[in-house]
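Notes follow once the structure below has been shown.
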There are 2 protein chains.
Amino acid sequence: MELRHIRYFLAVAREGNFTRAAARIGIGQPPLSQQIRDLETEIGTALFHRVPHGAELTEAGAAFHDVVAQFPDLAERAIRAARRAGRGETGTIRVGFTASAAFSPSVPGVFRDFRRAFPAVEMTLEESNSAQLVTRLKEEQLDAVFLRQDAIADDGIRLHVISSGPMVVVLPAGHPAAKHDKVSLSQLRDDALILTPRDVGPTHYDKVVSACRNAGFEPQMGQIAPQLGSVINFVAAELGFSLVPKPMTQLQANGVVYREIDGEVPIAELSLAYRSNDISIALRNFVSRTLAAHRSFSEPDED
Amino acid sequence: MELRHIRYFLAVAREGNFTRAAARIGIGQPPLSQQIRDLETEIGTALFHRVPHGAELTEAGAAFHDVVAQFPDLAERAIRAARRAGRGETGTIRVGFTASAAFSPSVPGVFRDFRRAFPAVEMTLEESNSAQLVTRLKEEQLDAVFLRQDAIADDGIRLHVISSGPMVVVLPAGHPAAKHDKVSLSQLRDDALILTPRDVGPTHYDKVVSACRNAGFEPQMGQIAPQLGSVINFVAAELGFSLVPKPMTQLQANGVVYREIDGEVPIAELSLAYRSNDISIALRNFVSRTLAAHRSFSEPDED
DNA sequence: AAGTAACGGATATGGCGCAGTTCCATCGGT
DNA sequence: ACCGATGGAACTGCGCCATATCCGTTACTT
């Protein structure tokens, strides 16, 4: 028995007449009659009761019909499912991001854009710190991560810098330097520097420490902030200052101000990282859309 | 796409290897490779990722597999359903019977036997009087009926007498004639005769009246009993006597005795009636089993 | 009532395309 | 170098479809 037999059977059942069914199918009435006869021989019982004006289903035919009626739709569904999967329109991708990446204007835009383009792809999001994101990426617990890092020392991971921008100073509102639109880092040589632990975000840590050294002073390490939100809170508590990527200015708090840096400005990169092997089609779509989106608005360079 | 393609696809998916799959199917590896290639061309996306040691499903292949994996079982189920229906192993039959038919030893046995032989046939049972059963049979509300009638004047209905037996007298325990093992009907010439209305069971009615006339007296019509159970109750109330088929003796009541008839004994037939056109296979099976069962124990004639 | 036409299914025959066989080349892994 | 696996090419046989025709039933006309 083939799907052809089922299609022919259903056509006759629907028309109640071999001749009309044959016309609808696009073959002649004699081969249709023969194909149904072959099917009845294979099954071993008549499916149609031939009458002068056509044919009616027998009880066996009705029982057969009850099961096979769904075949055409199922066959169509199987083909559509394969096609959609082949285009990456279905599947799952697990994306991680750091807190500061989330404040980037483009990252939420990428999520929104991708959901709209591929609503049937299940995209799960997970916020964590850079080090943990990289670990989970390597352990195949995540498929892609946005993080503020411009390199990952692992051949199995691809990393694209998708945007970059200046860092800014975040300091207490009552700080003398807060009166100025721009702040020279050297003005802060006597203040404590608040950072997240180096092991959770080494790239950011090292860039901030280098910026201070380039401004001529060794930073006095202040309170260690467990996460980014804590950095802002500690600054509000007048425990010191910090440097953050400019998009962080969205995170407003009482007693906190952001100021541009007068002098050499450290740059914060935003990157997309993913494993180089075993990329799903959905992930491939996600990466290419993300890179395309950032090519369109990351040129020319912002500063 | 045909079921052949699906069978081939599932075989490769299962084996992870075209050569082994071909061996399992019973064709060569090259035609299998070509058939899968044809399927992939029709769908428009690769279903397998060819690797040195065989083949793995792509995401499209996995999505396709999720839907088509059920096809072989569904195809088998359709064929089996058709075959069962063709053998009358499924379907519905609606059987009616009179109260006194139910007291026949064989009728419940027929129901039990048929249910065991064809558990998937839905058999519904309905008790009613003869006239109503015949009406419902003609109106296609019932498929077969057991009734105490030896003829039905309707060419569209087939009737088989499946058993017959003597009637017995039912009279009050205190009746003078109750002292004897056998009772001559003429002993009851002065007693009232209790019967169900003629229009609900004309055959029984006429046979009883004839029996009285053959015994030399015109019966005095007593209380009209709306149904058979009422007949026994009225006799218990000493309102008169009646004649019933012998199996009715199972219905015992205080103050009631059954006595065989001394002299010419009227006979009660039990018949199976059904329409002669449009017989379902399940009904055909039911009728043939009922007739076979009664041929085995209705010979020799009981009396 | 008889003859004729129309409708519908089934049988017979021939041809073309497809599925399967056989042989062999290529590639990757051991 | 050898082995296992896939895929290409040539060939063959079978199955599906088209065409012609027959048979049975029903409806219509005379």
Side-chain angles (χ1 to χ4, degrees), chain A residues 1-58 60-62 64-65 68 71-72 75 277-278, chain B residues 1-58 60-62 64-65 68 71-72 75 82 86 277-278:
Chain A
M1 180 172 77
E2 297 289 2
L3 281 178
R4 178 183 70 251
H5 294 105
I6 293 172
R7 286 195 289 269
Y8 292 175
F9 165 83
L10 290 173
V12 178
R14 173 181 176 179
E15 298 292 335
N17 177 304
F18 281 71
T19 305
R20 285 205 306 272
R24 179 173 289 270
I25 291 164
I27 68 171
Q29 177 271 323
L32 176 58
S33 180
Q34 187 57 50
Q35 289 287 301
I36 296 297
R37 184 55 59 95
D38 290 347
L39 179 59
E40 287 174 325
T41 300
E42 178 179 337
I43 293 180
T45 190
L47 301 175
F48 290 102
H49 184 50
R50 275 75 165 171
V51 296
H53 55 279
E56 299 164 350
L57 284 171
T58 59
F64 188 74
H65 188 283
V68 300
F71 271 60
N277 67 323
D278 253 349
Chain B
M1 181 170 77
E2 295 290 1
L3 281 178
R4 178 182 73 251
H5 294 107
I6 293 171
R7 286 195 289 266
Y8 292 176
F9 165 83
L10 290 173
V12 178
R14 172 180 176 180
E15 297 292 335
N17 178 302
F18 281 70
T19 305
R20 286 206 303 273
R24 180 173 290 270
I25 291 164
I27 67 172
Q29 177 272 324
L32 175 58
S33 180
Q34 187 58 51
Q35 289 287 302
I36 297 297
R37 183 62 58 94
D38 290 347
L39 179 59
E40 287 174 325
T41 302
E42 177 179 339
I43 293 180
T45 189
L47 301 175
F48 290 102
H49 183 50
R50 277 74 165 171
V51 296
H53 56 280
E56 298 165 351
L57 283 171
T58 59
F64 188 74
H65 187 283
V68 301
F71 272 54
N277 69 324
D278 252 351

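Keep in mind that the numbers below use all heavy atoms, side chains included, and drop hydrogens, waters and symmetry copies.
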Separation of D:dT19 atom P from A:Gln34 atom CD, nearest Å, is 17 Å

Given D:dA5, is OP1 or OP2 found less than 4.0 Å from the side-chain N or O atoms of B:Arg50? no

Rounded to whole angstroms, how far apart are CZ on B:Phe48 and C1' on D:dG7? 15 Å

So, the side chain of A:Glu2 versus the backbone of B:Leu3: is there a donor-acceptor pair under 3.5 Å, distance only? yes

Are B:Asn17 and D:dT6 close enough that a side-chain N or O sits under 4.0 Å from OP1 or OP2? yes

Is it the case that the side chain of B:Thr45 and the backbone of B:Ala60 share a donor-acceptor pair, with hydrogens and angles ignored and the cut-off at 3.5 Å? no

Nearest whole angstrom, please: distance from the P of C:dT21 to the CG of B:Leu32. 11 Å

Would you tell me if any nitrogen or oxygen in the side chain of A:Ser33 comes within less than 4.0 Å of OP1 or OP2 on C:dT11? no

Quickly work out the A:Ile27 CD1 to C:dG9 P distance and round it to whole Å. 13 Å

Is any side-chain nitrogen or oxygen of B:Arg37 closer than 4.0 Å to OP1 or OP2 of D:dG8? yes

In whole angstrom, what separates A:Glu56's CD from C:dG9's P? 12 Å

Give each protein N/O atom lying under 3.5 Å from an N/O atom of nucleotides 14-19 of chain C, with the pair distance.
| unit_1 | atom_1 | unit_2 | atom_2 | d |
| --- | --- | --- | --- | --- |
| C:dA19 | OP1 | B:Arg4 | NH2 | 2.8 |
| C:dA19 | OP2 | B:Gln35 | NE2 | 3.3 |
| C:dA19 | O5' | B:Gln35 | NE2 | 3.2 |

Calculate the interatomic distance between B:Ile25 atom CD1 and C:dG20 atom C1'; express it in whole Å. 12 Å

Indicate yes or no: at least one non-hydrogen side-chain atom of B:Leu32 is less than 4.5 angstrom from one of B:Ile25. yes

So does B:Thr19 get a side-chain nitrogen or oxygen closer than 4.0 Å to the phosphate oxygens (OP1/OP2) of D:dT6? yes

What one-letter contact string describes nucleotides 21-28 of chain D from 5' to 3', where B marks a base within less than 4.0 Å of any protein heavy atom, S marks contact via sugar-phosphate atoms alone, and - marks no contact? ----SS--

Indicate yes or no for a side-chain donor-acceptor contact from A:Gln35 to the backbone of A:Tyr8 under 3.5 Å, with no hydrogens or angles considered. no

If you only use heavy atoms from C-beta on, which nucleotide in C:dA10, D:dT6, D:dA18 is closest to the side chain of A:Phe18? C:dA10

Heavy-atom count check: over 12 atoms from other residues, nucleotides or ligands less than 6.0 Å from B:Arg14 CZ? no

Would a distance-only check, ignoring hydrogens and angles, find a side-chain to backbone donor-acceptor pair under 3.5 Å from A:Glu56 to A:Phe48? no

Does any N or O in the side chain of A:Thr41 come within less than 3.5 Å of the main-chain N or O of A:Arg37, such that one atom is a donor and the other an acceptor? yes

Given axes from five pairs at either end, by how many degrees does the helix from C:dA1-D:dT30 to C:dT30-D:dA1 bend, rounded to 10°? 20°

Interatomic distance where NE2 belongs to B:His53 and P belongs to D:dG7 [whole Å]: 14 Å

I'd like to know if the side chain of A:Gln29 and the backbone of A:Ala22 have a donor-acceptor N/O pair within less than 3.5 Å. no

Any non-hydrogen side-chain atom of A:Phe18 less than 4.5 Å from a side-chain atom of A:Ile36? yes

Using 30° and 60° as the class boundaries, would you call the ring planes of B:Phe9 and B:His65 parallel, tilted or perpendicular? tilted

Between B:Thr58 (side chain) and B:His49 (backbone), is there a donor-acceptor pair under 3.5 Å? no

Just the rounded figure in Å: distance from P of C:dG9 to CD of A:Glu40. 12 Å

Please answer whether the main-chain N or O of B:Ala55 pairs with a side-chain N or O of B:Arg50 as donor and acceptor at a distance below 3.5 Å. no

